[in-house]
Amino acid sequence: MVDNPLTTEPHKPHIAVLFCRGVGHIAKALDARPGIVYGVLGSVLAAAIAFLLFWIVDRFSTSRTQTWWVYLALMFGGGFSAHLRWLDTIDRLREIHFFDQIVTQGLANSTIFEAYRNHFIVTTFFDTHFLFFLLMALLAIVALYWTMVKFSIVRMLLTAMMFGLVTVLHIYDGVTLLAIGGGILALFWLRGGQPTKAMLMTLVLSALSVGAAISWQLSLFRNSGLGIPEWRAPAILFSELALAYPLAWGLMAWGLGDYWRKAGLDECFLLGWTVGCVALTLSGPFYPYSDRGALTLQVPIMIIAGAVYFSRYTRVKASHAAFAVFTLVATPAWKLYREFATTSFANHPSGEPSVYIWMAPGHQEVSKALLAKAERDDILIVPKVKFAFRTDDLWLTMGFPGRLYAGHYALTLNYEKKKDEVNAFFAEADPVKGPEFLKRAKIRFVYLRKEEGADRFEAMPGLTTLAKTPVGMLFEFTAGA
């Protein structure tokens, strides 16, 4: 258990970070740096998922040709949202009023699936953390499938244990698994002649397992002194879901009726899996974490789409292959482009990648000055006007023993209020209100980006310069000064 350094209220340790703890134990056993272990583990998990997905696709395919086409589309495919992203990089198009209103502003006011870390298999490969969650969720679904293929008490217990374990590792994913189970149960019941009773028993036991895991974690939060986080994920729009997997939706619309008429256990399982994920994904704004419904969704819909296509064609026509590649390839291309743009030295005016990839001497100097003085009870603020994943606390807090006043939108108590206070402090630089805010919030360290205007803060009462570099400045605040 660890405490929450992203908020300043006193509390007890209450967050179970089992995956990170496991990485730490592996690093200690191998006498290696945790960052290296984390990176290598990502490759191992990616390979495990690649093999598991091939097995899953092959299990539901009628030929090896079908297996390979569906597998490659699943592993490396995306949707039409990335096409819009590419078009939005063309300045001439952005200058067109209707394009700006529909595409540019539409992208700015929505969260397309390419922006998430785990809504496509190909984007999940870049995130070790979510690779682990995806692997565990897939294993839990495989356990459920085998329980339905040949029911036994042992298999049912194993499935329930897997559902509970996934919930302990990532609390949101337990609800996703239950939604999938509910969808499968509904399709078994509608179709008839399926192991509906076995599914009901397994789902009830799994729900008890998930419920126990969630109750345990919520009790930790309640007893910590902080309470349960109030954060809600943005609701996913139907248009965002439709744009994400257009090839699969199109093929399913073409042949879903015939697929259902001939459905046996496998087909009902895949359809129920899809129904559960889609229902949860579109459950916002009522369910606060509807984006978690997309976990594993790409798997069943691509398999169903492949089954529909190969029920009519034994081989893929050249024109169909070209259209599939055009539809699917934009997402991995966009992801690779963004990774290159972020990490390439040539793409940054200063001659260096962003600080989330590489810390320049100036960043290192600021970090060294902070770590030389910081203690456990110290509080730090940084400007929070940028997007949550682009603020300076991501690099500045490495090794920082203290806390952030406004750290994380989901883990900071009263985050929006605190974020507004911090941004107002940096925007106004008021020589009277500024020190009063720092004193009231018990803030000791202030990091200032180079573009914020150093002279206003150097003259602020109570602030002492600890580091002044080309990238920014670090101040220490002394309340009595």
statement: Minimal heavy-atom distance between L380 and V446, with the atoms involved, is CD1-N, 4.4 Å
task: Take T176 and L280, measure what side-chain contact (heavy atoms from CB on, under 4.5 Å) needs, and give me the verdict at the end.
output: CA-CA 7 Å; T176 304; L280 194 63; 3.6 Å; yes
- prompt: Hey, is CZ on R21 packed in by over 12 heavy atoms from elsewhere, all under 6.0 Å?
  reply: no
field: Sole residue of I236, D291, L295 in side-chain contact (heavy atoms from CB on, under 4.5 Å) with T281
entry: I236
message: Could you walk me through whether L251 and L256 satisfy the side-chain contact (heavy atoms from CB on, under 4.5 Å) test, starting with their C-alpha distance in whole Å, then the side-chain angles of each, then the deciding distance to 0.1 Å, before giving a yes or no?
response: CA-CA 8 Å; L251 286 169; L256 194 60; over 6 Å; no
task: Can you see which heavy atom on V37 is nearest to which on A32, and at what distance?
output: CG2-CB, 3.9 Å
query: Can any side-chain N or O of S224 pair as donor or acceptor with the backbone N or O of H14 at less than 3.5 Å?
result: no
field: Spacing of CZ belonging to R232 relative to CZ belonging to F286, to within rounding of 0.5 Å
entry: 9.5 Å
message: With side-chain hydrogen bond (donor to acceptor under 3.5 Å, both in side chains) as the criterion, how do T147 and T159 come out once you've worked through the C-alpha distance, each side chain's angles and the decisive distance to 0.1 Å?
response: CA-CA 8 Å; T147 303; T159 299; 2.8 Å; yes
message: Whether the side chain of S152 engages the backbone of R155 through a donor-acceptor N/O pair (distance < 3.5 Å, no angle test) should be reported.
response: yes
- request: Could you grab the distance from atom CZ of F120 to atom CG of L297, nearest 0.5 Å is fine?
  value: 9.5 Å
side-chain contact (heavy atoms from CB on, under 4.5 Å) assessment of V122 paired with K335: CA-CA 9 Å; V122 68; K335 180 63 177 178; 5.9 Å; no
- request: Examine distances only and state if a side-chain atom of T412 and a backbone atom of A406 form a donor-acceptor pair shorter than 3.5 Å.
  value: no
message: Nearest 0.5 angstrom please: M162 CE to T167 OG1, how far?
response: 10.0 Å
- request: On the 0 to 90° scale, with breaks at 30° and 60°, tag the H170-H129 ring pair as parallel, tilted or perpendicular.
  value: tilted
query: Knowing that exactly one of R85, H83, E114, H119 qualifies, which makes a side-chain hydrogen bond (donor to acceptor under 3.5 Å, both in side chains) with T331?
result: E114
query: Are K373 and E476 within salt-bridge range, i.e. N to O under 4.0 Å?
result: yes
- prompt: What heavy-atom pair brings Y38 and T128 nearest, and what distance separates the two atoms?
  reply: O-OG1, 3.2 Å
Nearest-0.5 Å distance, CD1 of residue I184 to OG1 of residue T274: 9.0 Å
field: Residue pair L247 / L328, side-chain heavy-atom distance below 4.5 Å
entry: yes
From CA spacing to verdict: salt bridge (Lys or Arg N to Asp or Glu O under 4.0 Å), K442, E9: CA-CA 11 Å; K442 300 179 181 179; E9 292 77 9; over 6 Å; no
Side-chain (Q298) to main-chain (G77) donor-acceptor, under 3.5 angstrom: yes
- request: Measure from NZ or CZ of K419 to the centre of the six-membered ring of Y409, then state whether that distance is under 6.0 Å and the direction lies within 45° of the axis.
  value: no
message: Are M136 and F132 packed together at the side-chain level, in the sense that at least one heavy-atom pair is separated by less than 4.5 angstrom?
response: yes
query: Does F130 have its ring centroid less than 6.0 Å away from the ring centroid of F133?
result: yes
message: Using modelled atom types and a 3.5 Å cut-off, is there a donor and acceptor pairing between side-chain atoms of H25 and backbone atoms of G22?
response: no
- request: Indicate yes or no: does D3 engage R376 in a salt bridge with an N to O separation below 4.0 Å.
  value: yes
- prompt: Does G264 offer a backbone N or O that forms a donor-acceptor pair with the side chain of E267 under 3.5 Å?
  reply: yes
Closest contact, heavy atoms only, P246 versus G78: CD-O, 4.4 Å
message: If we check ring pair (Phe, Tyr, Trp, His ring centres under 6.0 Å) with F269, which of these qualifies: W146, Y145, F188?
response: Y145
message: A quick test of your reading: do over 12 heavy atoms of other residues, nucleotides or ligands sit less than 6.0 Å from CH2 of W189?
response: no
- prompt: Taking the six-membered ring for Trp, is the centroid-to-centroid distance between Y447 and W395 below 6.0 Å?
  reply: yes
message: Can you give me the closest heavy-atom contact between L265 and M148, atom names plus distance?
response: CD1-O, 3.6 Å
- request: Give a yes or no on whether the backbone of L241 and the side-chain of W249 come within a donor-acceptor separation of less than 3.5 Å.
  value: yes
query: Any ion pair linking R440 and E436 (charged N to carboxylate O, less than 4.0 Å)?
result: no
task: Is it possible for you to check whether R292 lies under 6.0 Å from the centre of the six-membered ring of Y172, through NZ or CZ, and within 45° of that ring's axis?
output: yes
query: In terms of side-chain geometry, is the basic nitrogen of R403 or E375 positioned less than 4.0 Å from the acidic oxygen of its partner?
result: no
message: So that I can tick it off, tell me whether D393 and K384 are bridged by a salt bridge, with the cut-off set at under 4.0 angstrom between side-chain N and carboxylate O.
response: yes
query: How far apart are the C-alpha atoms of F113 and Y245, what are their side-chain angles, what is the distance that settles it, and do they pass the ring pair (Phe, Tyr, Trp, His ring centres under 6.0 Å) test?
result: CA-CA 9 Å; F113 276 31; Y245 313 113; 5.7 Å; yes
query: Rounded to the nearest 0.5 Å, what separation is found between the CG atom of D377 and the OG1 atom of T8?
result: 11.5 Å
- prompt: Where is the tightest heavy-atom contact between V23 and P34, given as atom of each residue plus distance?
  reply: CG1-O, 3.9 Å
message: Using 0.5 Å steps for rounding, measure from the CZ atom of F76 to the OH atom of Y71.
response: 6.5 Å
task: Begin with the C-alpha distance, continue with both residues' side-chain angles, and end with the deciding distance and a verdict on side-chain contact (heavy atoms from CB on, under 4.5 Å) for W231 and L411.
output: CA-CA 8 Å; W231 173 76; L411 293 173; over 6 Å; no
message: Is it the case that the side chain of Q364 and the backbone of M359 share a donor-acceptor pair, with hydrogens and angles ignored and the cut-off at 3.5 Å?
response: yes
- prompt: Hey, does I381 have a side-chain heavy atom less than 4.5 Å from the side chain of L438?
  reply: yes
- request: Go through D58 and T67 one step at a time and tell me if the side-chain hydrogen bond (donor to acceptor under 3.5 Å, both in side chains) criterion holds.
  value: CA-CA 5 Å; D58 193 55; T67 296; 2.8 Å; yes
